[in-house]
Chemist: 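Below are the structure tokens for one structure; questions will follow.
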Amino acid sequence: TVQQWCRAGGRFMVQGERVRYTGNWPQWFDKEWTDGAYYRTDHECQAILRPGAVHWCQWYEGSKGSIKSRYNVKACMLTNVDPTEVLFGAIDDAKSYSPVPGFGGKPIDDGSAAVVLGQYGAGTVSFFGDVNHEQETLQIMAIIARGY
């Protein structure tokens, strides 16, 4: 099964859309991740906010090609993610970006994340909420696919 593969070191990666559309796959890996807002907003690696903490961002930031600044992406975000599993989370006081009247400037819920990465056995489970396959997302995915 995919769980056995991840426990043995596999890297399960899901890109875009809602978890509820795909059988709530986070529960397969004992994750309580849930669907959040769908907006374009600014995210940053949480290790920047909490230097010295044991966190995936420390590994990520040391990887060749990592993004070390804010990351703006239109994404289906997740909530209810353990803070140690947030790779790119919405910045404090984040607001939505949109040229569509009524959609720009909306507050983004605290704890919203566009990119999450969690350990599962010897492997990892990750989610990339980007719905447009933006270059920065592809860079992040490539780093995670190479492994730690």
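Worth knowing before you read on, the calculation uses all heavy atoms, side chains too, and leaves out hydrogens, waters and symmetry mates. Small disclaimer: the values here were computed from a predicted structure and weren't measured.
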Chemist: If we ignore hydrogens and angles and just use 3.5 Å, is the side chain of Asp82 paired with the main-chain N or O of Thr84 as donor and acceptor?
Modeler: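 At least one qualifying donor-acceptor pair exists.
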Chemist: Got a sec, which hydrophobics cluster with Tyr38, joining ILVMFWY side chains under 4.5 Å apart, including via others?
Modeler: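 Grouped by the 4.5 Å side-chain rule, Val131 form the rest of the cluster around Tyr38.
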Chemist: Can I get a per-line list of side-chain donor-acceptor pairs under 3.5 Å for residues 106-117, giving both atom names and the distance, sequence neighbours left out?
Modeler:
residue	atom	partner	partner atom	Å
Lys106	NZ	Gly102	O	3.2
Ser112	OG	Asp109	O	2.8

Chemist: Which heavy atom in Ser126 sits nearest to a heavy atom in Trp25, and how many Å separate them?
Modeler: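 That would be O-CH2, 4.0 Å.
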Chemist: Counting C-beta onward and ignoring hydrogens, is there a side-chain heavy-atom pair between Thr1 and Trp28 closer than 4.5 Å?
Modeler: no
Chemist: Any chance you could measure Arg20, atom CZ, to Asp35, atom CG, to the nearest 0.5 Å?
Modeler: 4.5 Å
Chemist: What about Trp33 and Val2, same hydrophobic cluster or not, with Ile/Leu/Val/Met/Phe/Trp/Tyr joined at side-chain heavy-atom distances under 4.5 Å?
Modeler: yes
Chemist: I need the full list of ring-ring contact (aromatic ring centres under 6.0 Å, His included) pairs touching residues 64-107, with sequence neighbours left out, sorted by first then second residue.
Modeler: Tyr60-Phe88, Tyr71-Phe88
Chemist: For Thr124, is there any backbone N or O sitting under 3.5 Å from a side-chain donor or acceptor partner on Arg11?
Modeler: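 Side chain of Arg11 to backbone of Thr124: no pair is present.
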Chemist: Write down the atom of Ala122, the atom of Ala8, and the distance for their closest heavy-atom approach.
Modeler: CB-C, 4.1 Å
Chemist: Would you list the pairs meeting salt bridge (charged side-chain N to carboxylate O under 4.0 Å, His left out) in which at least one residue belongs to residues 23-33, sequence neighbours left out?
Modeler: Lys31-Glu85
Chemist: With the side chain counted from C-beta on, respond yes when Phe128 and Ile144 share a heavy-atom pair under 4.5 Å apart, and no when they do not.
Modeler: yes
Chemist: Can you tell me how far OG of Ser66 sits from CD of Glu136, rounded to the nearest 0.5 angstrom?
Modeler: 12.5 Å
Chemist: Do Ser98 and Tyr39 come within less than 4.5 Å of each other through their side chains, counting heavy atoms only?
Modeler: no
Chemist: Would you say Glu17's side chain and Val19's backbone share a donor-acceptor pair under 3.5 angstrom?
Modeler: no
Chemist: Stepwise, does the ring-ring contact (aromatic ring centres under 6.0 Å, His included) test hold for Trp5 with Phe12?
Modeler: CA-CA 9 Å; Trp5 177 71; Phe12 185 76; 7.3 Å; no
Chemist: Pair up each side-chain donor or acceptor in residues 72-79 with any protein partner under 3.5 Å, not counting sequence neighbours, and list the distances.
Modeler:
residue	atom	partner	partner atom	Å
Asn72	OD1	Arg40	NH1	2.8
Asn72	ND2	Asp42	OD1	2.9
Thr79	OG1	Thr34	OG1	2.9

Chemist: Just how far is it from atom SG of Cys45 to atom CD1 of Ile67, taken to the nearest 0.5 Å?
Modeler: 9.5 Å
Chemist: Who are the side chain to side chain donor-acceptor pair (under 3.5 Å) partners of Arg7, not counting sequence neighbours?
Modeler: Tyr120
Chemist: Between Gln139 (side chain only) and Gly65 (backbone N and O only), is there a donor and an acceptor less than 3.5 Å apart?
Modeler: yes
Chemist: Are His43 and Arg70 side-chain neighbours, meaning at least one heavy-atom pair lies under 4.5 Å?
Modeler: no
Chemist: List the atom of Lys64, the atom of Arg146, and the distance in Å for their closest heavy-atom pair.
Modeler: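 Smallest heavy-atom distance, with atoms named: O-NH2, 3.0 Å.
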Chemist: Would you give the length of the straight line joining atom CG of Asp130 to atom CG of Leu138, rounded to the nearest 0.5 angstrom?
Modeler: 7.5 Å
